[in-house]
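None of these values were measured; they are calculated from a predicted model. Every chain is numbered from 1, with letters handed out A, B, ... down the list of sequences.
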Amino acid sequence: MRRALIALIARDLKLATRIGGGFSLGVVFYLALVAILPFAVGPDLNLLSRIGPAVLWIGALLATLIGLDRLFQADEEDGSLELMRMSAVPLEAIVAAKGVAHWLASGLPLAVAAPLFGLMLGVEPLALLGTAVSLVPGTIALTFTGAIGAALTASLRRGGMLLSILVVPLMVPILIFGVATAEASRAGATSFAVPFLALSALALAAVVAGSAVAAAALRTKP
Amino acid sequence: MPSLTSLANPSRFMALSARALPWIAAVTALLFALGLWVAFTAPEDYQQGETVRIMYLHVPSAWLSLLIYTVMSVSAIGALVWRHPLAEVSMKAAAPIGCVFTFLCLVTGALWGKPMWGAWWVWDARLTSVLVLLLIYLGILAIWNAIEDQAHAARMAALATLVGFVNIPIVKFSVEWWNTLHQGASVFTLEGSKIAPEILLPLLMMACAFTCLYVALHLAAMRNEILRRRLRRLAILAASETPAPARVSSLEGGARA
């Protein structure tokens with residue numbers, strides 16, 4: 001079973017790198033989101049550095065949402081999801097493996113790129129580090145919460161918008177604790193551990209609940 | 001004593017609901033007439049003046065928005081676990097009604113908030129969590145509209161409903177967990193009601209009227225959905241019956257020749 005899951009993760013990573021720009025595209029979209037912000041609120045670095053962590057989080061959330069609609073859809077279209085449904089490996093584990101692969105290909109790069117983009121927004125170094133660290137469990141939570149929406153809309157040809165409507169309300173707590181963690185890393189702020197642990201707990205809960213619900217949704221054939 | 005499963009038979013449900021619906025509608029009208037009369041003759045609040053009357057619409061709408069979501073979640077469990085068609089119908093019929101009551105709650109809240117708080121909207125935990133509830137309702141409605149196969153749509157909507165249920169306790173307890181501008185629970189508390197009886201009575205009557213209205217609307221919407229499904233099945237049957245024999249025979253003839 002472990003070999004099957006590792007093979008699945010490797011396959012999904014390979015597909016992610018070879019089709020449609022792979023790792024880089026989500027990060028480029030993230031950069032584009034961060035880049036249009038100063039046009040909207042003005043290039044005042046004081047203001048930008050104050051709202052920087054929140055902007056980095058909103059950007060990561062939107063970049064995650066944009067990439068999610070193909071998570072199960074492509075497999076549904078070419079029939080490989082059918083094979084996964086019939087395989088001896090539990091569908092929950094398969095969904096979790098696909099989620100991990102998706103996170104490695106599109107979630108983790110966002111967390112890695114965040115400090116660089118934060119630098120452009122004039123965020124202070126300590127907060128940069130905090131934002132990047134908070135985005136690691138944060139993107140896990142976002143990806144697995146989004147997997148629920150991706151599974152519910154897998155049979156739709158244009159499910160992207162519906163996916164976003166379904167999962168954005170569920171992402172609110174992740175955003176709250178994510179931005180709280182990033183803000184807590186500012187110099188002179190209070191405890192970093194409390195919001196970070198709450199965010200990590202949300203990530204773990206999202207992995208479990210997201211895999212179970214997404215599998216339940218995928219198990220019924222459209 | 002009829003068991004729940006025998007009531008869940010669609011034909012029996014149609015017969016029973018047809019008999020019950022006029023009575024429920026009559027009771028609703030009566031309760032609304034009484035409730036509105038009491039609400040408009042009740043004394044003003046010493047501080048809020050006439051605007052306190054908004055409460056008689058706002059609070060029942062808020063209660064119903066939570067109640068209907070709970071009914072929807074119970075129906076979702078019925079649809080997922082027992083795959084019962086009537087549970088699907090109940091779930092589908094409840095969604096737009098709950099959505100409208102949530103919207104009413106937000107609108108009356110904004111109209112009340114402007115004179116009392118000085119703002120149409122504040123980002124307070126109670127208001128925000130009810131807004132999230134509205135978004136969840138809209139998402140579930142979108143699932144019903146977007147997925148054409150109704151059995152598949154029902155499973156997807158049921159899963160989304162159950163996942164969205166996490167928001168219900170958040171709405172309920174938001175005024176206790178966070179320090180909110182919105183006031184805390186005051187009608188039902190362990191120390192008894194904190195509301196003056198002259199204002200509590202019309203509020204409870206309006207709550208009963210709203211609940212009866214919801215039951216009537218839900219039953220009527222369920223009946224409509226069952227009839228819509230029957231019509232659809234009849235249309236499919238009719239379409240598959242008439243032209244088919246001619247084509248089949250000609251095909252058979254061609255194959256034989």
Novice: Count the heavy-atom pairs under 4.5 Å between each of B:Ile140, B:Ile147, B:Val166, B:Leu138 and chain A, then report the option with the highest count.
Specialist: B:Ile147

Novice: Not counting sequence neighbours, which residues clear ring-ring contact (aromatic ring centres under 6.0 Å, His included) with B:Tyr69? List them please.
Specialist: B:Tyr137

Novice: Which bit of A:Leu170 is near chain B, if near means a heavy-atom gap under 4.5 Å: side chain, backbone, both or neither?
Specialist: side chain

Novice: Who wins among B:Val132, B:Leu135, B:Ile136, B:Leu159 for the most heavy-atom pairs under 4.5 Å with chain A?
Specialist: B:Leu159

Novice: Against chain A, label B:Leu131 side chain, backbone, both or neither, depending on which of its atoms sit under 4.5 Å from a heavy atom there.
Specialist: neither

Novice: Above 12 or not: heavy atoms from other molecules or residues under 6.0 Å from CZ of A:Arg11?
Specialist: yes

Novice: Should the heavy atoms of other residues, nucleotides or ligands under 6.0 Å from CZ of A:Phe29 be counted, would the total exceed 12?
Specialist: yes

Novice: With sequence neighbours left out, write down each residue that passes salt bridge (charged side-chain N to carboxylate O under 4.0 Å, His left out) with B:Arg229, or none if nothing qualifies.
Specialist: B:Glu88, B:Glu225

Novice: For B:Arg83, does the CZ atom sit with more than 12 other heavy atoms under 6.0 Å from it, leaving out its own atoms?
Specialist: no

Novice: Could you tell me the separation between the CG atom of A:Leu162 and the CE atom of B:Met156, rounded to the nearest 0.5 Å?
Specialist: 11.5 Å

Novice: Of all of A:Leu166, A:Val168, A:Ile148, which one pairs up most often with chain B through heavy atoms under 4.5 Å apart?
Specialist: A:Leu166

